[in-house]
Amino acid sequence: MIGTSVFIIIIFSSYIYIIYSFYKGLKKATPFNSNQDCVYSHLSCIIPFRNEQDNLPQVISSLACQNLNSDYYEVILIDDFSTDNSYTKALQLVKKYHNFRLIKNQLPGKKNAIKLGVENALNPFIVTTDADCIHPSKWLHTISKYISIHQPDLIIAPIVLSPVKSFFDHFQHLDFLSLVASGAGACEVSKPIMCNGANLIYSKELYQNGMAKVLNQYSSGDDIFLLQYAKSIKAKITFLLNHNAIVKTKPVKTLKDFIQQRVRWASKSKGYSDNYTLYVAWNVFFINVLSTIYPLTYFMGSSFFYFFSIAIFSKVFIDFRLLRLGSNLFKTPFNVRAFFLVQIIYPFYIAFIVFYAFIGSVQWKDRNIVTKNS
C-alpha cells in the first residue's frame with residue numbers, strides 16, 4: 001500500500017505542477033493591441049474542405065468581408081475529393097472575389113490539401129482554418145498586424161466551441177477548452193505542446209523546411225507535427241491573445257462522430273517526437289486511468305480513501321482554475337455545474353479514447369483514418 005501511495009503522489013503531484021505552470025503562463029498572457037500603427041503583412045489563407053456544401057457560403061462570405069484590404073490577403077480553397085456539391089457551390093461563390101482561388105486536391109487527405117495550398121500561396125505567411133468555422137471580421141486584420149510587430153515563425157491562436165446548449169455540447173466545450181487553455185499556457189512558458197489547424201499561422205518558409213516532418217504516415221497531425229518541428233529548430237512560437245483572433249467552431253452533433261474525431265486526434269500522439277509533449281500526454285493519461293478507480297478506494301480502508309480523495313480534489317481544483325481563466329480570456333461561457341458533472345465522466349472518456357486510438361482504425365468523412373504505425 002505504501003508503494004501504491006508513493007506512485008499516486010508522484011503522478012498527481014506531477015500533474016498539478018504541469019497544469020499550474022499552464023495556469024501561470026495563461027495568467028501572464030498579454031492581450032495584443034491591434035490598434036497600433038504598422039505595415040500590414042501579406043497573408044495566404046488556406047481552407048481544405050471535403051463535403052462542406054452547407055458551410056461554404058458562410059465561410060466564404062465571412063472571409064470576403066474581412067476588415068483588411070483585399071490586396072493584403074488571398075484565400076485558397078482546396079477541394080479534397082468532395083462527394084457532394086461542395087466544389088460546384090464553391091466555384092460559383094469565389095467568382096465574385098478577385099483574391100479567392102479554388103483548386104482541387106491532387107492526392108487525398110487534408111495534409112496533401114494543405115501542401116498543395118502552400119505551394120500555390122503567393123504570400124510569405126500562411127493562415128489555416130476549416131470550412132465549418134466562424135471568423136470575426138477583424139480576424140485577418142489582427143493576424144496581419146501581429147505578424148508585422150512580433151515577427152514570429154508560428155502563431156497559435158484560440159478556438160472555442162459555439163453554440164453550447166445541451167450537456168453533450170458542454171462536455172465537448174470543456175474538453176476543447178482544456179486543450180486550448182493548456183496549449184496557450186504552455187506556449188506562454190516557452191513549452192508549446194499543442195495547436196489547432198483551424199486557427200494556425202506560420203511562415204511559408206517554416207512549412208517548406210519542415211514539410212517532411214508533417215507529411216508522415218499519420219493521416220492527422222498537420223498542425224502538431226509542424227509545431228514540434230518548429231520547436232525542435234527553436235523557431236519563434238507565440239500565442240495570439242486578442243478577442244478578434246478567436247475562431248468559433250460548432251460542436252459535433254453525434255456521439256459517434258465525437259468519438260471518431262477524438263480518436264483521430266489521439267492517434268497522432270504515436271508520432272510525437274517532443275519529449276515534453278510526451279511527458280504531459282502520458283501524465284494526463286495515467287492520472288485519468290487512476291481516477292477511474294477512485295470509487296473502489298472506498299473499500300480499501302478509510303485512510304487510503306481520504307488520501308485518494310485529497311489527490312482527486314487537488315486535481316479538480318487546478319483544472320477548475322485553468323478552465324475558468326481560459327473561459328474569461330477567450331470570451332466563452334463556463335458552466336460550473338457542467339464542469340463538475342464532466343469531472344465524473346472525463347477519466348473514463350480519456351481512458352477509452354486512448355485505448356481505442358492505439359488498437360484500431362476510425363472513419364472520418366467516409367475515409368479510413370490511419371491510427372497506427374503501418
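Remember, it's a predicted structure, so these values are computed and weren't measured experimentally.
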query = Does OH belonging to Tyr279 count more than 12 external heavy atoms closer than 6.0 Å?
reply = yes
query = Can you name the residues that form a salt bridge (Lys or Arg N to Asp or Glu O under 4.0 Å) with Asp319, not counting sequence neighbours?
reply = Lys315
request  = Please identify each residue that fulfils side-chain hydrogen bond (donor to acceptor under 3.5 Å, both in side chains) with Asn199, with sequence neighbours left out.
outcome  = Trp139
ask   = When you measure from the side chain of Gln172 to the backbone N and O of Val252, does any donor-acceptor pair fall under 3.5 Å?
value = yes
note = The residue among Phe258, Phe355, Phe285 that forms ring pair (Phe, Tyr, Trp, His ring centres under 6.0 Å) with Tyr349 is Phe258
task = Determine, stepwise, if the pair Phe320 / Phe334 fulfils ring-ring contact (aromatic ring centres under 6.0 Å, His included).
result = CA-CA 10 Å; Phe320 181 89; Phe334 182 81; 5.4 Å; yes
message = Test: salt bridge (Lys or Arg N to Asp or Glu O under 4.0 Å). Region: residues 134-163. Which pairs qualify, not counting sequence neighbours?
response = none
inquiry  = Could you see if Ile318 belongs to whatever hydrophobic cluster contains Val189? Use Ile, Leu, Val, Met, Phe, Trp, Tyr and a side-chain cutoff under 4.5 Å.
reply    = no
request  = Could you check if a side-chain atom of Val6 sits within less than 4.5 angstrom of a side-chain atom of Ile10, using non-hydrogen atoms only?
outcome  = yes
request  = Kindly check if the number of other-residue, nucleotide or ligand heavy atoms within 6.0 Å of CD (Gln106) is above 12?
outcome  = no
key: Non-neighbouring partners of Gln228 that pass side-chain hydrogen bond (donor to acceptor under 3.5 Å, both in side chains), sequence neighbours left out   = Ser273
inquiry  = Ring of Tyr87, cation from Lys104 - is the NZ or CZ under 6.0 Å from the centre and inside 45° of the axis?
reply    = yes
task = Before accepting this row, confirm whether a basic side-chain N of the pair Asp223/Lys110 lies closer than 4.0 Å to the acidic partner's carboxylate O.
result = no
query = Does Asn67 use its side chain to pair, donor to acceptor, with the backbone of Ser137 at less than 3.5 Å?
reply = no
key: Option among Asp80, Thr83, Asp79 that satisfies the side chain to side chain donor-acceptor pair (under 3.5 Å) test with Asn51   = Thr83
request  = Name all residues meeting the salt bridge (Lys or Arg N to Asp or Glu O under 4.0 Å) criterion together with Lys89; count only those two or more places apart in sequence or in a different chain, and write none if there are none.
outcome  = none
remark   = For residues 22-31, the salt bridge (Lys or Arg N to Asp or Glu O under 4.0 Å) pairs (sequence neighbours left out) are none
inquiry  = A quick test of your reading: do over 12 heavy atoms of other residues, nucleotides or ligands sit less than 6.0 Å from OH of Tyr20?
reply    = no
remark   = Note: Phe308 and Ile293 closest approach over all heavy atoms is CZ-CG1, 4.2 Å
ask   = Given the rule that I, L, V, M, F, W and Y join up when any side-chain heavy atoms are under 4.5 Å apart, are Val214 and Ile233 in one cluster?
value = yes
query = Can you check whether Pro136's main-chain N or O pairs, donor with acceptor, with Gln66's side chain at less than 3.5 Å?
reply = yes
Exam field: side chain Ser148 to backbone Val39, donor-acceptor pair closer than 3.5 Å = yes
ask   = Are side-chain heavy atoms of Phe22 and Val280 found at a separation under 4.5 Å?
value = yes
message = Assigning hydrophobic clusters by single linkage (Ile, Leu, Val, Met, Phe, Trp, Tyr; side-chain heavy-atom cutoff under 4.5 Å), is Leu323 placed with Phe317?
response = no
ask   = Is the side chain of Asn55 donor-acceptor paired with the backbone N or O of Val59 at a distance under 3.5 Å, no angle test?
value = no
message = Do Asn196 and Phe176 have side chains that approach each other closer than 4.5 Å (heavy atoms only, starting at C-beta)?
response = yes
message = Students often mix this up, so state it plainly: with edges at 30° and 60°, are the rings of Phe352 and Tyr356 parallel, tilted or perpendicular?
response = perpendicular
task = Compare all side-chain heavy atoms of Ile345 with those of Phe171 and state whether any distance is below 4.5 angstrom.
result = yes
message = Using a 6.0 Å distance limit plus a 45 degree cone around the ring axis, check whether Lys191 lies over the aromatic ring of Tyr276.
response = yes
task = Would you kindly say whether Asp175 and Tyr346 are connected by a side-chain donor-acceptor distance under 3.5 Å?
result = yes
request  = May I ask whether Phe307 and Phe299 are part of the same hydrophobic cluster, defined by side-chain heavy atoms of I, L, V, M, F, W, Y residues being less than 4.5 angstrom apart, directly or through others?
outcome  = yes
inquiry  = With a 6.0 Å cut-off (strictly less than), is the heavy-atom count around CD of Glu205, excluding the residue itself, greater than 12?
reply    = no
inquiry  = Any non-hydrogen side-chain atom of Leu43 less than 4.5 Å from a side-chain atom of Ile143?
reply    = yes
ask   = Is a donor on one side and an acceptor on the other found under 3.5 Å between the side chain of Ser314 and the backbone of Ile310?
value = yes
inquiry  = Tell me if the NE2 atom of His243 is crowded by more than 12 foreign heavy atoms within 6.0 Å.
reply    = no
ask   = Considering only heavy atoms from C-beta outward, does the side chain of Ser309 approach that of Phe313 to under 4.5 Å?
value = no
ask   = Are the side chains of Met300 and Phe305 in touch, meaning some heavy atoms are under 4.5 Å apart?
value = no
key: Val160: side chain to side chain contact (heavy atoms under 4.5 Å, CB included) partners, not counting sequence neighbours   = Ile246, Lys248, Phe330, Thr332
side-chain contact (heavy atoms from CB on, under 4.5 Å), paired with Phe32, selected from Thr142, Thr238, Leu241 = Thr142
ask   = Taking only residues two or more places apart in sequence or in another chain, which ones pass side chain to side chain contact (heavy atoms under 4.5 Å, CB included) with Thr254?
value = Lys256, Asp257
task = Look at the side chain of Ser144 and the backbone N and O of Ser41, then say whether any donor-acceptor pair between them is shorter than 3.5 Å.
result = yes
query = Relative to the ring of His170, is the ring of His173 parallel (under 30°), tilted (30 to 60°) or perpendicular (over 60°)?
reply = perpendicular
ask   = Are Phe286 and Ile9 connected, step by step, through hydrophobic side chains (Ile, Leu, Val, Met, Phe, Trp, Tyr) whose heavy atoms are closer than 4.5 Å?
value = yes
ask   = Does the pair Tyr40 and His141 meet the rule for a ring-ring contact (aromatic ring centres under 6.0 Å, His included), with working shown?
value = CA-CA 8 Å; Tyr40 288 100; His141 170 273; 5.6 Å; yes
remark   = So CD1 of Ile350 and CZ of Arg262: to nearest 0.5 Å the spacing works out to 9.0 Å
key: Those residues that, when tested against Ala230, pass side chain to side chain contact (heavy atoms under 4.5 Å, CB included) (two or more places apart)   = Leu154, Leu206, Ala235, Ile237
message = Tell me if the NZ atom of Lys204 is crowded by more than 12 foreign heavy atoms within 6.0 Å.
response = yes
key: Asn216 side chain vs Lys213 backbone, donor-acceptor pair below 3.5 Å   = yes
ask   = Can you tell me how far CD1 of Ile8 sits from OG of Ser13, rounded to the nearest 0.5 angstrom?
value = 11.0 Å
inquiry  = If you define the side chain from C-beta out and look only at heavy atoms, does anything of Ile134 sit under 4.5 Å from Ser62?
reply    = no
remark   = residues 115-129 vs salt bridge (Lys or Arg N to Asp or Glu O under 4.0 Å), sequence neighbours excluded, gives Lys115-Glu119
message = So, using side chain to side chain contact (heavy atoms under 4.5 Å, CB included) as the criterion, who are the partners of Lys165 when residues are at least two apart?
response = Pro163, Asp169
key: By side-chain hydrogen bond (donor to acceptor under 3.5 Å, both in side chains) - contacts of Tyr202 (at least two apart)   = none
request  = Given side-chain contact (heavy atoms from CB on, under 4.5 Å), test Trp265 with Ile353 step by step and report yes or no.
outcome  = CA-CA 10 Å; Trp265 290 358; Ile353 291 297; over 6 Å; no
